[in-house]
Number of protein chains: 2
Amino acid sequence: MMKYCYQYPHPAVTTDIVIFTVRDQQLKVLLIKRKGTPYKGKWALPGGFVGIDEDLEQSAKRELAEETGVKGVYLEQLYTFGAPKRDPRERVITVAYFALIPSQKQELRADTDAAAVDWFAINQLPNLAFDHEHIVDMAHQRLVAKLDYSTIAFQFMPKEFTLSELQAVYEIILQQEVDKRNFRKWVLALENIEETGNERREGPHRPAKLYRITNPGEVEIIK
Amino acid sequence: MMKYCYQYPHPAVTTDIVIFTVRDQQLKVLLIKRKGTPYKGKWALPGGFVGIDEDLEQSAKRELAEETGVKGVYLEQLYTFGAPKRDPRERVITVAYFALIPSQKQELRADTDAAAVDWFAINQLPNLAFDHEHIVDMAHQRLVAKLDYSTIAFQFMPKEFTLSELQAVYEIILQQEVDKRNFRKWVLALENIEETGNERREGPHRPAKLYRITNPGEVEIIK
DNA sequence: GCAAAAGTGTTATCCCTACACCCATGA
DNA sequence: TCATGGGTGTAGGGATAACACTTTTGC
């Protein structure tokens, strides 16, 4: 049963993934309800053990797909957490990743390792297993910081979107209002956004032009 | 001999440390010559295995001290590298850290695990063991990026220094000239630098005022 | 007195911010 | 025609960038 033996003790290595989306006017995080021990029944970040011949990012993608059904996202490495007692079972070092997805991108499905999957507003998180609250905090800080000097928030947007929708995303994450004219001036000066030629008409007002990201997955560093 | 056994295979985890300094008008990296296999006799980053109950940053500090004699530096986590074949012995995942030290801070001494220790100019590195060249590249990119929006470069300075010396550090890392008046205006507007009241007289010219960092170890995020 | 690095201000330019009204539509 | 969100320009202030001469010293 205990058949993998080493001359010196080895820690276990996992990946955990913080997936953000913007939905119902809130910044939300994807969590799973743990099926196994420890912390059975508690909410936690999706993640799990790294295969012995598996690349770290591959591992994160696999766990994310297995536990939540989410696929095809651009992961960014966040930080590696390795406090000796962070897992009660054994020494576990976790490499945390984060990513942003458009809210309507895919339906969630709880899979083998998870009893449930759901979105939680960042400021209304349940108690989390392990040090996952700390991980979410750091991911949140990183996200807010990156809004300022990159186009990372564009990853929240679906294929086609209006400038008002994009502005709403910024306002929700920054928790403050943004000037409409300055925002549009700034966005339209960037080179990675363009009109699709289509418009959306919904409601008793002027139709909105639709835009697309020209290089999805690329995060432009700006300013 | 192989007495640490697990139900599933476990990777080994190491830390590696990229230490920068500015010396002889060049940006330099601290390397050790490997005493053991693999890559025996090759130059590599200082680093080694994480103790099973040891914090990651602790481990990096310990290895650095053991192998090079360098102590008391402020480490920042850089990135975690885990490609499956990056070490020929077994699966090894390494958490890389980086730090900056003043050039005259401490004398180096090769210790138990290292046959030699020395500084190498960043653009004249020898062939390195493992994927350490990749790690150094990433640390270098991070350093250059941080010059722009933080006071990280102040960590290169000794207790007392002149503004010309500080400017030279910026010019060496950025590989371009900096305007003297604008640079001084910018530095003196910061709150974490102050005159010591002393001056340095060396050579047939006006003596230079000496400055100190008011909060050593703190990296201010600016702009 | 001369060579060498230290030290010092002003101006022009660009970018960011603040701010208010007309437009196109569905009902 | 009215209510609703979409769309647009300009002016002022603050920060950044360019630029050259005087000061203090050792020899």
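In what follows, every chain begins at residue 1, and chains take the letters A, B, ... in the order their sequences are listed. Small disclaimer: the values here were computed from a predicted structure and weren't measured.
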Exercise. Classify every nucleotide of nucleotides 18-27 of chain D by which part a protein heavy atom approaches to under 4.0 Å, writing B for the base, S for the sugar-phosphate alone and - for neither, in 5'-to-3' order.
Key: BBB--BBBB-
Quiz prompt | side-chain hydrogen bond (donor to acceptor under 3.5 Å, both in side chains), paired with B/T196, selected from B/K209, B/E160, B/K159, B/R212 | solution = B/E160
Quiz item: Is A/T162 touching bases, backbone alone, or none of the nucleic acid, heavy atoms closer than 4.0 Å?
Solution: nothing
Quiz item: Does the side chain of A/I193 reach to within under 4.5 Å of the side chain of A/F161, using non-hydrogen atoms?
Solution: yes
Self-check item: Flag side-chain contact, heavy atom, 4.5 Å: B/E191 against B/T214
Solution: no
Practice problem: Would you kindly give the CD-to-C1' distance between A/E165 and D/dG7, to the nearest whole Å? | Solution: 15 Å
Quiz item: Starting at CD of B/E177 and ending at P of D/dA17, how long is that distance when rounded to a whole Å?
Solution: 15 Å
Quiz item: So how far is it from B/L64 CG to B/D16 CG, rounded to the nearest 0.5 Å?
Solution: 11.0 Å
Exercise. Would you mind listing every side-chain hydrogen bond (donor to acceptor under 3.5 Å, both in side chains) that reaches into residues 134-151 of chain B, with sequence neighbours excluded?
Key: B/E76-B/K146
Quiz item: Less than 4.5 Å apart, any side-chain heavy atom of A/V18 and any of A/V29?
Solution: yes
Exercise. Take the protein atom OH of B/Y149 and the nucleotide atom P of D/dA15, then report the distance between them rounded to whole Å.
Key: 22 Å
Quiz item: Taking 5' to 3' order, which nucleotide of DNA chain C is first and which is last to have an atom within less than 4.0 Å of a heavy atom in chain A?
Solution: C/dT17 to C/dG26
Quiz item: Is any side-chain heavy atom of B/V22 closer than 4.5 Å to a side-chain heavy atom of B/S103?
Solution: no
Quiz item: Do B/D118 and B/L31 have side chains that get closer than 4.5 Å, going by heavy atoms?
Solution: no
